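Hydrogens, waters and symmetry mates are skipped; everything else that's a heavy atom, side chains included, is used. Small disclaimer: the values here were computed from a predicted structure and weren't measured. Here is how names work: the chains are called A, B, and so on, in the same order as the sequence lines, proteins then strands, and each is numbered from 1.
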Amino acid sequence: MAAFLRPGERQPGAFGVSFDADRGNAGTAVLHNPNARLALSDQRRRLPVFEHRREILYLVEHHAVTVIVGETGSGKTTQIPQYLLEAGWCASGRMVACTQPRRVAAMTVAARVAEETGGVLGREIGYAIRFEDVSTPDVTKIRFCTDGVLLREMLDDPLLTRYSVVMVDEAHERSMATDTLLGLLKKVLRRRPDLRLVISSATLEADKVAAFFDTATLRGKAAAAAGGLRRTPALLSVAGRCHDVQVHYLEQPAPDYVRAAVTAAADLHATGLPGDILMFLTGQDECEAAVRMLEEEARRGRRERASGLRLMPAALYAGLPAAAQLAALEPPPRGYRKVVAATNIAETSVTIPGVCYVIDCCYAKVKVYDPLSGMEALLAAPISRASAAQRAGRAGRTRPGHCLRLCTEAAFAELPAASVPEMQRAELAGTVLQLKALGVDNIMAFDWLAPPPAEAMVRALELLHALGALGDDARLTRPLGLRISELPLDPRLGAALLAAGRLGCAGDMATVAAMLCVQSVWFAGGGERRALEAAKEKFAVAEGDLVTYLNVWKAWEASGRSGRWAHRHLVNHRTMLRAADIRRQLLQHLWRLGIKPEEVEGSDDAPVRRALAAGLFHNAAQLAETTYESRDAAFAGTHVYRLLRSTGPGLPPRLRIGAASVLARTRPQWLVFYQVQLGAGGFHDMTDVAAIEPGWLPELAPHMFHYVRDAARG
DNA sequence: GAGCACTGC
């Protein structure tokens, strides 16, 4: 284990510096906005972006695309849309759109801008996120929205004619939605020379984005259509307003980064210097382990020293109930130092005030997709340097801070500069279907910001074809393919919902689909595993998790959607409310399509399982006849399932029912599953499982009939 | 006996 700064040490520890320089700031660690008493208009002028106001307006006027590199605190998100409004870009009924990757961001930024303009949110300044359109037609001038909402809007208005400028914020995060939107916007620009794009991004990605939009070499019609407009994107840098963060490395690699992070936090704590600590780990189990170890440290610390700060550890991850998440964000009571052990959620989604120290294990769990087998897996992998910089920045929001990376400087230099865009490591069916619905027929030739692997595109086309969404010519089928593309669901669930309409159980299927869209309905955190098992048992049925969800929903409905009922049954009430929102939205779509939301009477859930099989037949599996033989006793006797479809060359994935499934003990002969995770021993753990009858498959999925017929005979 | 990065329509 590397040596860290010890209590009372004067000389530099493994960090390479001492923290004494910060002692003078001991009294100023309070959150304080020095401009709080200034009028809002004066505050606006003090933002770094204000100095570039005229330049930005000039560039937007003369360039089709302007790429802004704005660091945190520059004010770009709130100010640039206002500058555009003031300069007349919202005349003649058009709007400025500003997209955000996350719902909360769209809402909070809109609220802030409405306040600055002295207006009521939803009038001149509005926002639109799923379930919530707080804007007024013909009145709203600036509309903040999630990038997903703007993509959906393009289905009705492919040229985005309501907008004069689209600002795509946080483009460097390179989410699927952002990448898709940028690719489509490039096409739109060719047809709409009057449209302007403003893209905000961090340095590294800004160059890539600018190069992508550089059409200066275009000849002929496209160039002529551009008129006097410059086709080379303008690139502008705006300074941020955040504090310096000093970065430190280990002298020796740490074999166990959870232990190393806890030791580092304890050593930092022992210096007595003020400021909260944020540590980045990869998952729930690591965060909870770190909290337990820190609590142990705290107990020892209390015995050793009666004076000084006390440790207050907290875990923070997305699966945590809302109340526990909020508790981790609150400032600690006087005399306490908060140490938050967080996953990637703290990198972009959540900001923890008061953090002065970041301890970064330099790993994160990332989704990887194997287009050959069509299996997704979650693996802990080293992060990129860009990601590490973002994490380090979390220490400098209120005052100068420090970041300790739990690797050597040499190892850090070996990390990739940027992360692989999600588009290149995810399953593509939904995105491909959306593009098809927008008239992009040749997916392989689409101008991707980052082209996905060809194999992944082929898999997506195959799946969509098997679902009946694409015809033999790979074009969108009507009405089926168009309908699936319009549903705000994974195409497989969309297909299942429409099949349910034919089978007379669309209402039930909408429930199951909504429950599959939300995170686990079971109450997480606290670690009372046995109690949770008992709670699940009450709803569990031999037909699997998907029917169990239906039972939970019906019981929750019968209780009058009671929060107390949910609490008593260890069901997450907030998750249920969100599922209710999604279900309501799905029912609206069904109503528009003229499909009755019928629910099956009594306990006959076969129609729902048939509908599920109609969407999930791609993930149909059969219990293998022999149990798995392994030299490793832990895996011997595991009940292995095999996919019914072929997975190409290489060993077929060994599937088993995940521990979270209610079928973990029952093991039906035939099943379909919604998700799969790479687990211990190289097994793929199936979650969200439904038992099926093999005879259903040929009639529900005639495209794959030959696999099924062969398997059913066996 | 077993276990879950993060978003979004």
Tell me, which pairs form a side chain to side chain donor-acceptor pair (under 3.5 Å) where one or both residues lie in residues 341-351 of chain A, sequence neighbours left out? A:N344-A:R391, A:E347-A:S387, A:E347-A:R391, A:T351-A:R394
Tell me what A:R130 touches on the nucleic acid: a base, only sugar-phosphate, or nothing, going by heavy atoms under 4.0 Å. base
According to a strict under-4.0 Å criterion, is A:R103 in side-chain N/O contact with OP1 or OP2 of B:dC9? yes
Should we count OH of A:Y674 as having more than 12 external heavy atoms under 6.0 Å? yes
Gap between atoms OH and P, on A:Y369 and B:dC6 respectively (whole Å): 22 Å
Tell me: CG of A:D285 to P of B:dG3, nearest whole Å? 10 Å
Does any pair with a residue in residues 373-383 of chain A pass salt bridge (Lys or Arg N to Asp or Glu O under 4.0 Å), and if so which ones, sequence neighbours excluded? A:K367-A:E376
Pairs involving residues 575-586 of chain A, ordered by first then second residue, that meet salt bridge (Lys or Arg N to Asp or Glu O under 4.0 Å) (sequence neighbours left out): A:D581-A:R584, A:R583-A:E599
For A:R102 and A:V366, take the nucleotide of DNA chain B holding the closest heavy atom to each; which residue's nucleotide lies nearer the 5' end? A:V366
Whole-Å gap separating P (B:dC9) and CG (A:L586): 13 Å
At 4.0 Å (heavy atoms only), tell me whether A:V149 reaches a base, stays on the sugar-phosphate, or touches nothing. sugar-phosphate
Closest to the A:R667 side chain: B:dC6, B:dG3, B:dG1? B:dG1
What integer distance in Å separates A:E376:CD from B:dC4:P? 15 Å
Rounding to an integer number of Å, can you tell me how far A:L316 CG sits from B:dA5 P? 13 Å
Tell me whether the OP1 or OP2 atom of B:dG8 has a side-chain N or O from A:S175 closer than 4.0 Å. no
Counting any heavy atom closer than 4.0 Å, what does A:A318 reach on the DNA or RNA strands: base, sugar-phosphate only, or nothing? sugar-phosphate
Show me the donor-acceptor pairs within less than 3.5 Å that the side chains of residues 514-521 of chain A make with the rest of the protein, sequence neighbours left out.
unit_1: A:S520; atom_1: OG; unit_2: A:W522; atom_2: N; d: 3.2

Measure the distance from CE on A:M423 to P on B:dG8 and round it to the nearest whole Å. 17 Å
All pairs passing side chain to side chain donor-acceptor pair (under 3.5 Å) where residues 477-499 of chain A contributes a residue, at least two apart: A:D490-A:R492
Looking at residues 477-493 of chain A, who's got a heavy atom less than 4.0 Å off DNA chain B? A:P488, A:L489
Mind calculating the distance between NZ (A:K365) and C1' (B:dC4) to the nearest angstrom? 7 Å
Among B:dA5, B:dC6, B:dC9, the one nearest A:I129 by side-chain distance: B:dC9
What does A:L378 touch in the nucleic acid at a heavy-atom separation under 4.0 angstrom: a base, only the sugar-phosphate, or nothing? base
Can you check the A:L181 CG to B:dC9 P distance for me, whole Å? 13 Å
Without hydrogens or angle criteria, can the side chains of A:Y127 and A:E132 be said to hold a donor-acceptor pair below 3.5 Å? yes
Taking only N and O in the side chain of A:T146, is any of them less than 4.0 Å away from OP1 or OP2 of B:dC9? yes
Classify A:L151 by what it touches in the nucleic acid, base, sugar-phosphate, or nothing, heavy-atom distance under 4.0 Å. nothing
For A:F131 and for A:A364, locate the closest nucleotide of DNA chain B by heavy-atom distance; then report the residue assigned to the nucleotide nearer the 5' terminus. A:A364
Give a yes-or-no answer on whether the side chains of A:Y163 and A:R143 include a donor-acceptor pair shorter than 3.5 Å. yes
